Amino acid sequence: MTMNKEKRVTLYRSMLMIRRFEEKVRECFLAGEIPGFIHPYLGEEAVAAGVCSSLEKEDKVLSHHRGTGHAIALGVDPDKLMAELFGKRDGTNGGRVGQMHVTDKEHGLVASNGIVGGALPLSVGAAFFCKYQNNGKVAIAFCGDGGAARGTSHEAMQFASVFKLPLILVIENNLIAGATPFGAINNVKDLADRAGGYGIPGVVVDGNDVEAVYEVVGEAAKHARNGEGPSIIECKTWRMDGHFIGDPGWGKEEGENEEWKKRDPISSFTARLIAAGDVTQEELDTIDAEVTKIVEDAADFARQSPYPTEEALTAHVYAG
């Protein structure tokens with residue numbers, strides 16, 4: 001898949017928007033402005049940007065508890081997303097769901113899920129809909145290495161493979177499930193090897209290389225749109241922060257963060273863009289200033305948004 005300068009700059013901007021948004025969320029959470037829990041996405045920006053930039057309008061994305069990066073990459077309004085995290089009325093979902101259950105159907109974000117591995121069974125339904133409609137669209141399920149180990153994930157992939165559903169499972173393997181290192185609970189090097197048990201393609205990609213992620217997802221999407229069934233893409237990456245904001249980094253070995261920071265997806269892509277002559281540092285600085293202002297404005301929007309009214313407690317709630 002040929003990528004021109006414009007596309008590369010778009011990928012850079014998407015990653016940077018995620019990074020600046022996540023940094024601002026962290027700042028606001030520690031200042032007591034955001035309630036509940038926040039699961040940071042810092043370090044995994046290349047996965048969200050690479051995957052979501054490969055998709056078409058009306059493809060269906062199902063995310064997880066660490067999914068704000070996916071939302072930003074899909075084009076969800078940063079103002080509304082930040083307001084949702086603040087629990088405000090002008091949020092994407094009226095301030096009702098916080099981070100773990102954000103939805104925005106207009107931008108293809110069908111659902112996020114607080115249950116580890118919960119997106120995959122739901123994505124089977126979305127993929128089945130796409131196949132039934134014969135509309136050439138695909139469903140994307142994001143999960144971590146921990147979520148990929150759930151029995152429901154196996155059942156979902158078994159069903160998707162038998163019925164050749166247009167589904168792509170993206171495993172964001174950040175090498176630590178909560179506080180449990182990958183090697184402590186896995187007897188394989190690559191989770192994508194499990195695809196062989198379903199008779200479907202499985203690919204391992206450097207999850208810190210946004211162009212590589214974009215390429216492999218584009219191929220998997222072509223495979224699915226042609227009626228050839230699902231695929232598994234394992235993106236090897238690393239979350240720089242803890243499992244949640246407040247986690248000091250349980251389960252990480254001394255020096256691991258420092259080593260992975262040398263492979264920071266944004267820094268490495270910045271160097272590649274400049275070396276290729278696609279952009280100058282001055283142009284990148286301008287993009288950074290624009291993105292930073294958008295994020296600062298989003299935080300101000302969230303602060304000024306009112307809280308939901310009492311009537312909102314029963315909105316969208318139905319008794320059987």
Side-chain angles (χ1 to χ4, degrees), residues 1 41 43-52 54 62-64 66 69-70 116-121 123-124 127 138-162 164-165 167-224 228-240 243 251-253 256-257 259-265 268:
M1 192 182 299
Y41 196 72
E44 301 183 32
E45 296 88 354
V47 180
V51 171
C52 296
S54 299
L62 293 102
S63 183
H64 48 55
R66 199 182 305 281
H70 306 150
V116 173
L120 191 48
S123 71
V124 169
V138 302
I140 303 284
F142 285 99
C143 78
D145 44 299
R150 288 181 58 91
T152 48
S153 296
H154 165 73
E155 293 174 31
M157 292 311 300
Q158 173 72 4
F159 187 95
S161 66
V162 169
K164 289 189 175 296
L165 300 184
L167 172 65
I168 303 171
L169 168 59
V170 177
I171 303 175
E172 295 181 292
N173 187 356
N174 57 29
L175 304 175
I176 186 165
T180 306
F182 180 82
I185 53 173
N186 289 283
N187 198 32
V188 294
K189 177 184 175 183
D190 300 320
L191 297 178
D193 288 349
R194 295 176 181 169
Y198 308 119
I200 63 175
V203 179
V204 179
V205 65
D206 180 357
N208 281 19
D209 184 337
V210 67
E211 287 185 282
V213 174
Y214 178 86
E215 295 282 348
V216 298
V217 174
E219 289 300 314
K222 181 179 178 181
H223 178 88
E228 298 178 65
S231 301
I232 295 176
I233 297 174
E234 179 184 1
C235 300
K236 297 288 182 70
T237 185
W238 183 257
R239 56 170 165 79
M240 295 178 181
H243 176 57
K252 294 182 178 182
E253 295 183 8
E256 275 190 304
N257 253 0
E259 284 302 311
W260 274 95
K261 283 180 180 179
K262 296 175 184 177
R263 297 174 55 193
D264 181 292
S268 59

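These numbers were taken from a predicted model, which means no experiment stands behind them.
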How long is the span from the [atom1] atom in [X] to the [atom2] atom in [Y], to the nearest 0.5 Å?
| X | Y | atom1 | atom2 | answer |
| --- | --- | --- | --- | --- |
| Ser123 | Met157 | OG | CE | 7.5 Å |
| Leu120 | Thr152 | CG | OG1 | 7.5 Å |
| Glu228 | His223 | CD | NE2 | 5.0 Å |
| Cys235 | Asp209 | SG | CG | 10.5 Å |
| Ile140 | Leu169 | CD1 | CG | 9.5 Å |

Audit row: Ile171, Cys143, side chain to side chain contact (heavy atoms under 4.5 Å, CB included) steps and yes/no: CA-CA 5 Å; Ile171 303 175; Cys143 78; 4.2 Å; yes
Quick check: closest heavy atoms across [X] and [Y], and the distance to 0.1 Å?
| X | Y | value |
| --- | --- | --- |
| Ile185 | Ala177 | CD1-CB, 4.2 Å |
| Phe142 | Ala119 | O-CB, 3.7 Å |
| Ile176 | Gly251 | CD1-C, 3.5 Å |
| Ser268 | Pro265 | OG-O, 3.3 Å |
| Gly69 | Ala48 | O-CB, 3.6 Å |
| Ser153 | Gly147 | OG-O, 2.7 Å |

With sequence neighbours left out, what residues match [X] under side chain to side chain donor-acceptor pair (under 3.5 Å)?
| X | answer |
| --- | --- |
| Ser231 | none |
| Trp238 | Asn257 |
| Ser63 | His70 |
| Glu253 | none |

Can you name the salt bridge (charged side-chain N to carboxylate O under 4.0 Å, His left out) partners of [X], sequence neighbours left out?
| X | value |
| --- | --- |
| Lys236 | Asp190, Glu234 |
| Glu172 | none |
| Lys189 | none |
| Asp206 | Arg263 |

Name each donor-acceptor pair under 3.5 Å that joins a side chain in residues 192-199 to protein atoms two or more places apart or in another chain, with its distance.
{"unit_1": "Arg194", "atom_1": "NH1", "unit_2": "Ala148", "atom_2": "O", "d": "3.2"}
{"unit_1": "Arg194", "atom_1": "NH2", "unit_2": "Asn186", "atom_2": "OD1", "d": "3.2"}
{"unit_1": "Tyr198", "atom_1": "OH", "unit_2": "His154", "atom_2": "ND1", "d": "3.1"}

Quick one: salt bridge (charged side-chain N to carboxylate O under 4.0 Å, His left out) pairs with a partner in residues 142-161, sequence neighbours left out? none
Are the side chain of Glu45 and the backbone N or O of Gly43 linked by a donor-acceptor pair below 3.5 Å? yes
Taking Lys252 for its side chain and Met240 for its backbone only, find out whether a donor-acceptor pair lies under 3.5 Å. yes
Report yes if the side chains of Glu256 and Leu175 come closer than 4.5 Å at any heavy-atom pair, otherwise no. no
Run Thr237 and Asn208 through side chain to side chain donor-acceptor pair (under 3.5 Å) and show every step you take. CA-CA 6 Å; Thr237 185; Asn208 281 19; 2.8 Å; yes
Mind checking what makes ring-ring contact (aromatic ring centres under 6.0 Å, His included) contact with His243, not counting sequence neighbours? His39, His65
Step-by-step side chain to side chain contact (heavy atoms under 4.5 Å, CB included) determination, Val217 to Val205: CA-CA 10 Å; Val217 174; Val205 65; over 6 Å; no
Contact list for residues 167-194, test ring pair (Phe, Tyr, Trp, His ring centres under 6.0 Å), sequence neighbours left out: none
